[in-house]
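Remarks on the structure that follows.
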Amino acid sequence: MSVPSVRIAKERIVNLLVTDRLQCTPGTTEDLSRDIFHTLSKYMEIKPEYFQVRITRSDIHIKYTGEKY
Amino acid sequence: MGEVIVITSGKGGVGKTTTTANIGIGLALAGKKTIVIDTDLGLRNLDVVMGLENRIVYNLVDVISGGCRLKQALIRDQRYPELYLLPSAQTKDKSAISPEQMRKLLAEIKDEFDYILIDCPAGIEQGFKNAIAGAERSIVVTTPEVSAIRDADRIIGLLEASGIQKNELLINRIRVDMVRRGDMMTVEDVTEILAIDLLGVIPDDEQVVIATNQGEAVVGTDSLSGEAYERICRRILGEKVDIPDICCPEGFLERIKHLFSGK
């Protein structure tokens, strides 16, 4: 069973748009995400699995889920 | 007061000119006085797509440089009494006009038409800047391909940065069979990635090629693409028209079939 080509296309376009929007190389977005995570973790308790950085045309969204009960 | 709409895409060959022609004709058929302006200096094509290439005397550059009056350059289409074409120049280059000149021309003619459609050249250089100057609204044409979507994203960013707030997406050349087997992005995929409002979807249709061969439009004819353009025109006119799911979800039988064929 082969991978539908759409899945590859979507992955490529999503990565491409982020690097286009930030005008950076592909690896930079991961570095950025990691740096933001480190910075935030100095001030609050967050886990990598509950943390996400999303880059749109005009904004950088930082999403996290706080303390869980 | 007319509304100025620019039809743009970034990437070439995705169907800007065909879209401009068909929406222009659709709006004219709906009784709206419409002008379509080709701003692709040096590579004019809108006249050819519309079958009016033999009627050109003056062009956009002549009007802007004062070489003729607007009325002398406008081409009336006998088939559509409400439609006017202002052709581009074939011998001039992009620098022959400026955004300020475009803005001035549009301000002068705005009162005379209900809709002013601008066919934008490919790229993001001077020609693009000329085409979007004075536009209040845009239609961003894309196809469900990585390269076209990438360029569309860039274009949307530039449109927003230049203060055009109403930017809507037209997804061209969707192939239902390919979407169904997972080899083409869906309308939802593309809309979600680009994150702007969807104006409409045009299926990939041989009739577009056949009509363009003859310098005719598909809008107003009995074809999938023609009907899709007509619905787009009605949406532009402010009607609430559903966007039919052309890649209708598979029925139970098809799903079973796919299950067994291992797709």
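A quick note: this is a predicted structure, and the numbers were derived from the prediction, not measured. Chain A is the first sequence line, chain B the second, and so forth, proteins listed ahead of strands; every chain is numbered from 1.
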Does the A:Arg57 side chain pair with the main chain of B:Leu194, one donor and one acceptor, at a distance under 3.5 Å? yes
Answer yes or no: does atom CD of B:Glu192 have more than 12 heavy-atom neighbours from other residues, nucleotides or ligands under 6.0 Å? no
So, for A:Pro4 and B:Gly182, which heavy atoms are closest and what is the spacing to 0.1 Å? CB-O, 3.3 Å
Where does B:Asp189 contact chain A at under 4.5 Å (heavy atoms): side chain, backbone, both or neither? side chain
Taking NZ in B:Lys11 as the centre, count heavy atoms belonging to other residues, nucleotides or ligands within less than 6.0 Å. Is the count above 12? yes
What do you reckon, is CD of A:Gln52 surrounded by more than 12 foreign heavy atoms closer than 6.0 Å? yes
Nearest heavy-atom approach of A:Ala9 to B:Val146 is O-CG2, 3.7 Å
B:Arg150 versus A:Asp20, closest heavy-atom pair with distance: NE-OD2, 2.6 Å
Side chain, backbone, both or neither: which part of B:Glu160 has an atom under 4.5 Å from a heavy atom of chain A? side chain
Residue pair A:Leu17 / B:Asp153: nearest heavy atoms and the distance that separates them: CD2-CB, 3.5 Å
Does a sphere of radius 6.0 Å around CZ in B:Arg103 hold more than 12 heavy atoms from other residues, nucleotides or ligands, not counting ones at 6.0 Å or beyond? yes
Counting heavy atoms not belonging to B:Glu206, are there more than 12 under 6.0 Å from its CD? no
Can you tell me if B:Asp242 has over 12 outside heavy atoms packed within less than 6.0 Å of its CG? no
